[in-house]
Amino acid sequence: MKGNYGRRRRWTARDWLMLSSILLLFVFLLRGARCPSTSSPLSSSSSPSLRGELASSERLRAKNAEIETLKQQLADHYTEDAAVDLSLWQKAVEERDEMIVSLHVAEAKDKATIADLQASLKNAHVDVAVASADASDARAQLQRQPVMGDLSPNPPSPDFSSTTTLLIFTYKRADYLKRTLETIFSLIPPGMKIVISQDGRDSSVINAVNEWKLKFKDRGNDLSHVFHTQKQGENGYQLLSQHYGFGLKEAFELSDTSRVIVLEEDIEVSVDFFKFFEKFSPMLDDPAEELMCISAWNDNGMRGFVADSRAVVRSDFFPGLGWMLKKDMWEEWSTPPTGPWPRGYWDDWLREPERRKGRKIIRPEVSRTFHFGKSGGTSNNVYSKYLDSIVLNDVDVDWRSEDVSYLKKVNYDEEFRSRVQAARLVGSPGEVKSASDDVRVEYTSLDQGAKSFEKIAKQLGIMDNIKANVPRTAYHGVVEYKIGQRHIYVAPENINWS
């Protein structure tokens, strides 16, 4: 007997069959006894058990359809700009599919293994829910984000179009006016009011205004047409000045606006003309910036002298030819003690120290306007040599995302002074053209002697014109322009930085 107990007995086929039957019975009893009190992540409220759901091909197909529905819902919440990593839900769906198969295969495994798989599956569902919620939150944040972009260091005024009016002066050049209106038609913000001030009652101009009035109305822009009665015996500059005074008064009072953008009948505008003014309207409105106006024009913006469509500078010189002013500035100019508005030469009048009062002008490096008028103008095209060469910006700059904080008064002066002083000093205009770096050439007077600003400017090919002791485009007496990417500074010998 002892020997029999020590010897291993060979299992027969009957033994294996019996053991298999016992194991199958054990698994059947174990699975049948499992009856959860709440539905698992893989079962619906109508499913009696996990095994029943997995065993049914119809329910498995339904589950796959549920996955596709979830996938579509997440896609509906997704926006291209949302900072949400949707690879999370894709991974979750893959894990879900794998776990369904794993649970189906694991029917022969013990209860603890099934519970672990259920827990993992539950976590996968949580991940999907979190991803969906994140996508929804991101979409809601984008919808709440203002159009102008909160992230911009100097966000434009949200009501720019409703608080700014476009004023266009015209006389009797109907073809010019049509060309100007055509350039602004697709660019002007909907809701911005337009005032066309006509000097006299030329019928061709009236017809042109009536034609375009309907077009702008369909676009959402209210257009008003006002008429100024000319006085006899006055020269062109006096007639123009009186018309300007009339038009500005009408624009501010008729439209009850905060700002007015001024154009004339022979000016084209750039693709970002209105965006440019919108960007700088908050800076104009800020008293701390001490600004007289925002201008779209660079008097030295000729071909070969500009390079950067995003560059903007401060200036002491009022250029005109497309500019924006505030209502309180108009009220100051039109009433004593600064006013009343002059009967002639209005632009030179504004350049006088008594009107400018040390306030600055913001202007671009590359002009946002182009003066195309050749005949019928007040100046008889005396500046055509320069005007014809002005570069009209053709880059649609995204001004809403541009950081223009460098133009603030507290930042600009010190940085400008550093650039001017860092530029290499050269002795003559001839050295400016042959230089390969930033250079500075100095003048000893505005209009007297061989080293006067006028003589140096003529040799360099920039405007030599001076008004109220300020060279055109100058800031602290310094005229800045570019040759390629090089900065050229024509500066006083002794700069008064105060």
Student: Less than 4.0 angstrom from a charged side-chain N to a carboxylate O is my criterion; do Lys451 and Glu442 meet it?
Tutor: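 No.
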Student: Charged N to carboxylate O below 4.0 Å: is that the case for Arg419 and Glu480?
Tutor: yes
Student: Do the side chains of Lys467 and Asp348 get close enough for a salt bridge, i.e. N-O under 4.0 angstrom?
Tutor: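 Yes, charged N to carboxylate O under 4.0 Å.
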Student: Regarding Lys327 and the six-membered ring of Trp330, is the cationic atom NZ or CZ under 6.0 Å from the ring centre and inside 45° of its axis?
Tutor: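 Not flagged: Lys327 not positioned over aromatic ring of Trp330.
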Student: Could you go through the side chain to side chain donor-acceptor pair (under 3.5 Å) check for Ser309 and Asn393 one step at a time?
Tutor: CA-CA 7 Å; Ser309 292; Asn393 174 63; 2.7 Å; yes
Student: Establish, from distance only, whether the side-chain atoms of Ser197 and His243 form a donor-acceptor pair under 3.5 Å.
Tutor: yes
Student: Any side-chain donor-acceptor pair under 3.5 Å between His225 and Gln198?
Tutor: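 Side chains of His225 and Gln198: pair found under 3.5 Å.
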Student: Would Arg259 and Thr163 count as having a side-chain donor-acceptor pair, cut-off 3.5 Å?
Tutor: yes
Student: Does Glu402 come within less than 4.0 Å of Arg310, counting only side-chain N to carboxylate O?
Tutor: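 A salt bridge is present here (some side-chain N lies under 4.0 Å from a carboxylate O).
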Student: Using a strict threshold of under 4.0 Å (side-chain N to carboxylate O), is an ion pair present between Asp316 and Lys360?
Tutor: yes
Student: Of Tyr176, Tyr244, Tyr171, which is the lone residue that meets side chain to side chain donor-acceptor pair (under 3.5 Å) with Glu264?
Tutor: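 Among the candidates, only Tyr244 passes.
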Student: Kindly determine whether Val209 and Leu223 satisfy side-chain contact (heavy atoms from CB on, under 4.5 Å), including the steps that lead there.
Tutor: CA-CA 9 Å; Val209 173; Leu223 191 157; 3.9 Å; yes
Student: Hey, does the Lys NZ or Arg CZ of Arg179 hover above the aromatic six-ring of Phe372, less than 6.0 Å from the centre and inside 45° of the axis?
Tutor: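 Judged by the rule (NZ or CZ under 6.0 Å from the ring centre, within 45° of its axis), Arg179 counts as positioned above Phe372.
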Student: Flag the pair Asp299 and Arg363 as a salt bridge only when some basic side-chain nitrogen lies within less than 4.0 angstrom of an acidic carboxylate oxygen.
Tutor: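 Result for this pair is no, no salt bridge flagged.
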Student: Check whether more than 12 heavy atoms from other residues, nucleotides or ligands sit under 6.0 Å from atom NZ of Lys215, and answer yes or no.
Tutor: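 Yes, because the 6.0 Å sphere around NZ of Lys215 holds more than 12 heavy atoms from other groups.
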